[in-house]
Each structure stands twice: as structure tokens, then as C-alpha cells.
2 protein chains.
Amino acid sequence: MKRAKKKAFSDFIAQKGLKSTRQRDIILDFFLSSAQHMSLEDLYLKLRAKHPGIGYATVYRTLKLFAESGIAREIQFGDGQTRYEHVTEGEHHDHLVCTRCGAIAEFENETIEKLQDEVAAAYGFLIETHKLELYGLCAKCRSK
Amino acid sequence: MKRAKKKAFSDFIAQKGLKSTRQRDIILDFFLSSAQHMSLEDLYLKLRAKHPGIGYATVYRTLKLFAESGIAREIQFGDGQTRYEHVTEGEHHDHLVCTRCGAIAEFENETIEKLQDEVAAAYGFLIETHKLELYGLCAKCRSK
DNA sequence: GGCAAACTTGAAAGTGATAATCAATTACAA
DNA sequence: TTGTAATTGATTATCACTTTCAAGTTTGCC
Ligand SMILES: [Mn+2]
Ligand SMILES: [Mn+2]
Ligand SMILES: [Zn+2]
Ligand SMILES: [Zn+2]
């Protein structure tokens with residue numbers, strides 16, 4: 001899984017005529033073993049602890065490359081920070097976002113996905129992507 | 001309808017101890033007769049044509065007040081611009097957003113809404129708001 | 001290995017939308 | 001009418017990216 005993504009990224013690098021660098025390797029390793037939905041700032045600060053030499057711009061550009069290569073995805077939960085999540089082939093999920101503590105849970109609902117397709121069909125609309133997020137209080141915050 | 005929103009806003013103003021001003025009246029009138037989903041920039045530039053004296057900051061703050069009062073809602077379609085839509089009591093809808101021409105269509109689907117509640121219930125999550133947007137090609141763009 | 005071309009890096013500067021500041025103006029209750 | 005608090009508009013500041021550029025690396029080819 002980590003192996004597959006590393007392979008996917010190096011294939012992307014090669015196919016694009018880009019180069020393999022120490023920084024990209026480090027950032028990829030770090031990203032793949034990090035939690036989901038981390039912001040660029042989060043990732044940079046944590047990475048910096050182990051690798052002080054790596055610049056913000058490099059982390060920024062590399063995360064963009066991950067997204068472009070398909071191993072990562074940028075998401076916006078409306079807090080003004082772009083977050084990154086891992087992308088697994090053939091998998092899709094939507095999000096529950098706690099407005100109190102910031103916790104993010106993922107869910108899948110095949111019926112909702114189908115209904116979205118029906119809505120789109122009714123409008124003659126061709127869906128490329130979609131965004132479904134439920135905002136509110138997670139179980140923990142709710143019981144406090 | 002326009003009348004009801006004007007009433008709602010003036011009630012909000014009164015209840016908050018704020019003041020009724022010429023600028024707020026003008027901006028409210030303009031907003032209520034404008035298209036849905038306009039950005040602050042859009043609204044400001046069009047308003048400026050008729051009322052050159054009104055400042056950008058005033059439009060910005062007044063739109064925020066509309067949202068706070070409940071007669072408007074801020075939405076983000078991921079293009080980096082906050083857009084405003086009219087809010088009608090007891091009504092809810094989600095969006096279809098064309099990634100080619102920017103057209104925005106609205107839809108309602110009660111079944112999807114119910115399924116969202118079920119998902120939330122399964123996680124012990126209390127929904128406050130939600131966001132469902134389908135991005136892709138509208139019928140027009142699709143047939144070109 | 002040596003080399004040149006192309007790509008990459010990190011620090012710094014730039015961008016664009018949103019938000020805050022402040023002196024002058026205005027609204028409104030007493 | 002007056003005092004006080006709110007509002008306005010121009011300006012400045014923020015914040016999260018995004019780009020720039022000179023110096024450093026990588027890579028294919030002799
Ligand atoms: Mn996720
Ligand atoms: Mn709408
Ligand atoms: Zn929570
Ligand atoms: Zn279109």
C-alpha cells in the first residue's frame with residue numbers, strides 16, 4: 001500500500017520528466033505515514049522537527065505533486081486551510097466534520113452516491129466530482 | 001418575500017442595537033433583486049454603477065450582517081470567492097456546479113437528506129449543517 | 001568520471017481575498 | 001438640540017497560498 005503509492009509517484013515523476021530527489025523521498029515517506037486530513041502547515045511543522053533543512057515551499061510544491069499524481073487529494077473543510085488525504089484506488093468516502101473539536105470521520109454510502117447520479121441525470125449534468133460533508137458535533141463533543 | 005426579508009433584517013438590526021442607514025437600505029434592496037450566488041466582488045461592482053459612493057468595506061460588512069441575520073448565506077464553491085445566496089424560511093437546496101461555464105443549478109432531494117441523517121445517527125453525530133455539491137459539466141457545456 | 005542541460009530547492013517577495021483600523025460622519029434616544 | 005454609540009470609506013493589515021530567482025542537484029551522454 002505504501003509501496004504501491006511510492007511506485008505510483010515515481011512512475012508519475014518519470015513520466016513527467018521530473019527528478020527524484022532526497023526531499024521528495026522524505027516528504028513522501030512522511031506523508032504516507034501521517035494522519036489523514038493534515039494541513040500543509042501541520043505537515044510542514046511536523047516534518048521540520050526531523051528534517052529542519054526542508055523548506056516550506058518544497059513541502060508545498062511536493063504536496064501539490066502528490067495530488068497531481070493521484071496519490072493524494074486536496075480537501076477544504078471551510079476553515080481556510082487546505083488539507084491533504086491519501087487516495088486509495090477504487091475507494092471513495094465523504095466526511096463528518098466536528099465543528100467543536102475538529103475531528104473528522106469518514107463514511108461511505110452507496111445509496112447516496114446513486115441518488116446523486118440520479119439527480120445529475122435529471123439535469124443532464126455530467127458529474128466529475130462531488131463533495132458531501134456533514135458538519136456538527138461528534139459523539140464526544142455532543143456528550144459534554 | 002422581499003418584504004419579509006426586509007422586515008427580518010430590520011428586526012435583526014433593532015434587536016442588535018444597530019442602526020438603520022441609507023447604505024444598508026440600498027445594499028439590501030440591491031441584494032434582494034440580484035441573482036443568486038453572486039460574489040462580493042460581483043455585487044460591489046454592480047452596485048457601484050448606481051451608487052458610486054458606497055465603499056467596498058461597507059458592502060462587505062453589510063453582506064456579513066445579512067448572513068448573520070439569516071436572510072443570506074455564504075457559500076464556497078472552491079474558486080476562492082465567497083458567494084451569497086438568499087435564504088428562504090423552511091427551504092433547503094444543494095448545488096450542481098458546472099466546472100466549465102460556472103453555471104449553478106439548485107436541487108432538492110429529500111431521500112438524500114434522510115440518508116444523511118441516518119449516517120449521522122450511526123456515528124452518534126449531531127448535524128448542524130451540511131454541504132452537498134456536484135461538480136461537472138452542465139447540459140449545455142456537455143453538448144459542445 | 002566529467003559535463004551540460006534541465007530540474008529542484010529554499011528564502012524571499014508577491015498575490016488576492018478577507019478582515020481590521022481609524023478619523024470623520026451619522027443615527028437616534030433623551 | 002445634544003451626547004453617545006454606531007457607521008462609513010479609505011487605508012492598512014492578515015493570512016494562506018503562490019511565484020520568483022539564484023544557487024544547488026540530478027540525469028543522460030560522452
Ligand atoms: Mn477523508
Ligand atoms: Mn443556492
Ligand atoms: Zn468533536
Ligand atoms: Zn456549463
Side-chain angles (χ1 to χ4, degrees), chain A residues 9-31 37-69 72-84 102, chain B residues 9-31 37-69 72-84 102:
Chain A
F9 186 63
S10 73
D11 286 352
F12 171 81
I13 286 294
Q15 172 262 318
K16 276 273 192 175
L18 305 181
K19 290 171 180 174
S20 170
T21 69
R22 191 177 60 83
Q23 288 89 337
R24 286 176 179 165
D25 288 346
I26 290 170
I27 298 169
L28 179 54
D29 248 329
F30 182 77
F31 175 66
H37 317 125
M38 287 181 71
S39 68
L40 174 62
E41 186 74 11
D42 288 341
L43 284 161
Y44 171 64
L45 290 177
K46 291 207 170 146
L47 182 59
R48 197 195 199 189
K50 289 274 181 190
H51 304 275
I54 297 183
Y56 180 89
T58 301
V59 178
Y60 162 77
R61 285 181 296 226
T62 304
L63 268 293
K64 287 279 184 195
L65 278 184
F66 291 170
E68 198 186 339
S69 77
R73 181 185 300 121
E74 298 185 334
I75 40 179
Q76 290 280 160
F77 290 135
D79 63 347
Q81 301 256 123
T82 297
R83 290 164 185 280
Y84 289 86
Chain B
F9 186 64
S10 75
D11 284 353
F12 170 81
I13 286 294
Q15 173 261 319
K16 276 272 193 176
L18 305 180
K19 290 170 179 173
S20 170
T21 69
R22 190 178 60 84
Q23 288 90 335
R24 286 176 178 164
D25 288 345
I26 290 171
I27 298 169
L28 179 54
D29 248 328
F30 182 75
F31 174 68
H37 316 126
M38 288 181 71
S39 68
L40 176 60
E41 187 75 11
D42 290 340
L43 285 160
Y44 172 64
L45 290 177
K46 291 208 169 143
L47 182 58
R48 198 194 197 190
K50 289 274 181 189
H51 304 274
I54 297 184
Y56 183 89
T58 301
V59 178
Y60 162 78
R61 285 179 297 225
T62 304
L63 268 292
K64 287 279 185 194
L65 277 184
F66 291 170
E68 198 187 338
S69 77
R73 181 186 298 122
E74 298 185 333
I75 39 180
Q76 290 280 160
F77 289 135
D79 63 346
Q81 300 257 122
T82 298
R83 290 164 185 280
Y84 289 86

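Naming convention: chains lettered A, B, ... in sequence-line order (proteins, then strands); numbering from 1 in each chain.
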How would you label the contact of A:Arg61 with the nucleic acid (heavy atoms, under 4.0 Å): base, sugar-phosphate, or nothing?
-> base

Position toward the 5' end of DNA chain C (nearest nucleotide), B:Lys19 or B:Asp79 | B:Asp79

Any A:Thr21 side-chain N or O less than 4.0 Å from OP1/OP2 of C:dT9 | yes

Using atom CD1 of A:Ile27 as one end and atom C1' of C:dT9 as the other, report the distance to the nearest whole Å.
-> 10 Å

Would you kindly compare B:Ala57 and B:Arg22 by the position of their nearest DNA chain C nucleotide and give the one closer to the 5′ end?
-> B:Ala57

Can you tell me if the side-chain N/O atoms of A:Gln81 get under 4.0 Å from OP1 or OP2 in D:dC15?
-> no

Can you tell which of D:dT18, D:dT27, C:dT8 lies closest to the side chain of A:Ser20?
-> D:dT27

So, for B:Phe31 and B:Phe66, is the gap between ring centers shorter than 6.0 Å?
-> yes

Could you tell me whether the phosphate oxygens of C:dT18, OP1 or OP2, come under 4.0 Å of any side-chain nitrogen or oxygen in B:Thr82?
-> yes

Please tell me which of the listed nucleotides, C:dA19, D:dT26, D:dT8, lies nearest to the side chain of B:Lys64?
-> C:dA19

If you look at every strand shown and take non-hydrogen atoms under 4.0 Å, does B:Glu41 touch a base, only sugar-phosphate, or nothing?
-> nothing

Kindly point out which of D:dC17, D:dG9, C:dT9 is positioned nearest to the side chain of A:Thr58?
-> C:dT9

Taken to the nearest whole Å, CG/A:Leu47 to C1'/C:dT9 is 14 Å

Among D:dA5, C:dC7, C:dA19, which is the nearest nucleotide to the side chain of B:Tyr60?
-> C:dA19

